[in-house]
Amino acid sequence: MLHFDKAEFDNGGFRLSADWQVPAGTKLALIGPSGAGKSTLLAGLAGFVPCIQGAVRCDGVDLAGLAPGTRPLTMLFQDHNLFPHLTVAQNVGLGLAPNLHLDAAQHAAVNKVLGRVGLEALGDRKPSALSGGQASRVALARALLRARPLLLLDEPFAALGPGLKAEMLDLVSELLQGTETTLIMVTHDPRDAQKLADQTVFVDQAVAQLPQETGAFFANPSDALARYIGA
Amino acid sequence: MAQRAQPISKVLGHAVSLGVLGLIVATGVAVALRAEDGARIGAGDWAAIRFTVLQAGLSALLSVALAIPAARALARRQFPLKSLVITLLGAPFLLPVLVAAMGLIAVFGRTGLLSAVLSAFGLPPLQIYGFHGVVLAHVFFNLPLATRIILQGWLYIPAERFRLAQSLGFGPSDIARHVERPMLITVVPGALMVIFLICTTSFAVALVLGGGPKATTIELAIYQAFRFDFDLAKAALLGAIQVGICIVAVVLTRSFPVSDGMGAGLDRRLDIRPPRGWVFTTQDAGILTIVILFLLTPLAMIVLSGLQGIATLPPQVWWAALRSVGVALGSVVVTFALVLPLSFALSARSRLAELATSVPIALSPLVLGLGLFIMLNPYVDPRAVALPVTALVNALMSLPFVARILTPPVRALRSDYGRLSASLGITGLTWARLVAWPRLRAPLGFSAGLAAALSMGDLGVVVLFADGDSATLPLMLYRLLAAYRVDQAAGAALLLLALCLLLFWAFDRGGRANAAL
């Protein structure tokens with residue numbers, strides 16, 4: 001269960017508030033105009049932006065004292081998800097041991113997860129030798145290996161083009177099948193939300209509003225949402 | 001809670017900044033306090049001040065005036081070995097002043113190459129010593145720097161602007177007026193200022209090519225005040241005047257951006273169309289030929305005349321070479337102990353770190369050295385610590401350059417990979433090993449090479465205090481020159497040149513080896 005308890009995040013003077021909760025395993029989309037605070041919500045959750053009021057709790061644990069790396073979540077950024085000087089396998093291995101001292105079982109786990117995203121043959125490559133879609137798969141493989149309760153997507157597939165983006169979202173959906181992972185994804189495209197998310201949060205004017213069931217949310221758009229999607 | 005690493009690195013950077021600035025102020029105070037009676041600025045000192053400002057101003061103007069057509073030719077022409085030419089433009093920075101001065105004497109001196117050509121036509125030989133010799137040497141050092149700075153300006157002009165100019169049917173003079181001149185107005189003042197500062201604090205050039213009451217820089221006057229009159233008050237006062245002149249220059253050009261000319265990618269292709277017509281072609285080819293000959297001929301003379309001498313070098317010279325390498329390596333260690341925290345603070349836009357890394361440009365290394373010796377004198381024999389003090393002063397003097405090279409990659413490291421590292425829990429030594437070292441090793445190697453070469457070739461503080469047992473190679477070279485042992489001096493110059501380039505190459509190479517990105 002993820003709980004924003006009257007939480008307010010301060011992103012260099014810009015303040016975003018959220019006050020709601022969702023059960024574990026929810027697939028949640030964040031949608032709304034640029035600058036409304038979608039990325040601030042993710043950054044606050046991940047520990048890059050301080051929570052100055054209220055609290056954020058994951059399964060009852062207050063996240064306030066936790067460093068970004070120890071929070072129960074994995075985040076995929078818009079870019080710079082891979083270290084260009086490390087190989088694909090090393091980039092994935094970071095998810096198991098940040099110092100890259102891996103034992104045999106861990107190496108096997110890295111290879112196995114690369115297989116799950118369809119990159120078993122590319123472990124020795126550097127990211128510069130990958131296509132955009134392949135690089136996204138590497139970042140996803142690492143997220144799978146870390147297996148944290150929350151997966152945050154800050155539009156990591158935005159630069160891929162519509163076809164490839166849809167393919168990546170399908171892959172995310174397939175990989176999360178049968179897990180209790182809570183997914184929170186930022187998107188600009190209502191179709192992404194409809195494809196993947198069972199709940200949608202509209203972020204507008206520095207407030208992350210209450211989550212709503214995705215189908216109903218788009219079927220009866222509020223005025224602000226209608227303005228945003230141009231309906 | 002968020003971005004834990006940031007405050008820590010800033011605290012360390014501020015501590016180092018305060019340490020550097022404190023040391024600088026303390027040395028100045030130490031020198032001033034030792035002064036027994038008030039300093040008097042005599043007629044000779046006024047002449048030195050006038051000479052310093054005049055030669056620095058003229059050197060800056062000439063360097064930039066020649067650099068503008070040279071940079072334009074490099075920007076708009078593609079030719080084989082162009083990247084080699086641009087690399088050559090970086091070489092004078094690594095060149096020991098004394099070696100360059102000897103090369104210039106071999107070309108422009110009384111018995112030099114040019115005089116030989118002139119005498120074939122029955123003309124009198126050239127005279128290099130004095131005002132024009134100092135300016136010539138300063139142009140030799142700073143024309144390449146100015147060219148790189150201005151070339152960078154050309155390459156920052158958006159390609160669209162040239163395309164727009166083309167589509168509007170601009171001729172070369174229209175392009176100059178609407179595209180190139182606006183860029184030059186922003187770039188040239190910064191270039192003038194940097195060169196003016198470098199020439200204002202010049203010591204070794206004036207020591208070798210100047211001298212006498214008519215061609216003495218402030219820095220040389222400081223040396224003479226200490227060495228011949230032991231007049232510390234005057235040394236301190238002259239040091240303060242020199243800093244004052246530099247401050248005025250900085251304030252006058254404050255609103256203009258300053259580039260260091262170190263940027264990468266100066267030879268990248270650009271769609272600047274060269275103007276048609278043999279006039280422009282001749283003009284571009286002409287200026288580049290002059291610049292290349294001006295840079296290469298003195299270097300070639302050093303190599304040619306040094307090859308014979310190098311075999312006859314006495315053992316003291318080899319020992320001095322060894323000491324110099326030691327000083328250079330020590331200086332690199334000190335430089336990095338200071339510059340790493342500073343560049344992390346700089347990447348977080350710390351004003352204090354900015355001050356600590358720009359003040360040394362204006363300082364008198366001699367006053368800095370004097371102050372250190374006065375402070376150490378009660379505890380140790382100054383001559384015993386001549387080499388460590390030289391290494392420390394060299395490190396402080398190379399801070400501005402090294403900090404400017406390292407700060408952009410450090411900033412990129414934080415902005416591009418800071419959050420990823422934090423979210424994966426990569427911290428501390430693991431972060432240094434897996435993230436910082438691989439990302440920074442190339443600029444670290446490059447800047448370590450620069451710091452090593454600068455220290456290796458420097459003839460500064462060491463002239464004040466070194467005795468026979470602690471002479472560095474540049475000092476040994478100066479003594480050989482002063483004793484008119486021409487062949488041995490030529491050999492020592494070649495050795496010094498080779499060691500400087502070797503040190504730079506080794507560090508730079510080490511930083512890049514296996515660094516596939």
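Proteins get letters first, then strands, A, B, ... in listed order; numbering begins at 1 in each.
Within the 4.5 Å cutoff, the side chain of A/Phe77 has heavy atoms near those of the B/Ser423 side chain. Proximity of B/Leu424 to A/Arg146: side-chain heavy atoms (C-beta onward) are separated by under 4.5 Å at one or more points. You'll find the side chain of A/His80 stays beyond 4.5 Å of the side chain of B/Ser415, heavy atoms only. Taking 4.5 Å as the limit, every side-chain heavy atom of B/Leu434 sits out of range of all side-chain heavy atoms of A/His85.
Within 6.0 Å of CZ in B/Arg433 there are more than 12 heavy atoms belonging to other residues, nucleotides or ligands. Within a 6.0 Å radius of CG in A/Asp124, no more than 12 heavy atoms belonging to other residues, nucleotides or ligands are found. Counting non-hydrogen atoms of other residues, nucleotides and ligands closer than 6.0 Å to CD of A/Gln205 gives a total of 12 or fewer.
Heavy atoms closer than 4.5 Å to chain A are found in both the backbone and the side chain of B/Ser421.
Interface check for chain B: of the options A/Thr70, A/Leu86, A/Leu100, the most heavy-atom pairs under 4.5 Å are formed by A/Leu100. Contact count versus chain A (heavy atoms, under 4.5 Å) is highest, among B/Gly418, B/Gly428, B/Gly425, for B/Gly425.
In plain terms, the two heavy atoms of B/Arg419 and A/Val49 that are nearest each other are NH2-CG2, 4.3 Å. Across B/Tyr417 and A/Leu82, no two heavy atoms sit closer than the pair CE2-O, 3.5 Å.
Atom CG of A/Asp79 and atom CG of B/Asp416 lie 7.5 Å apart (nearest 0.5 Å).
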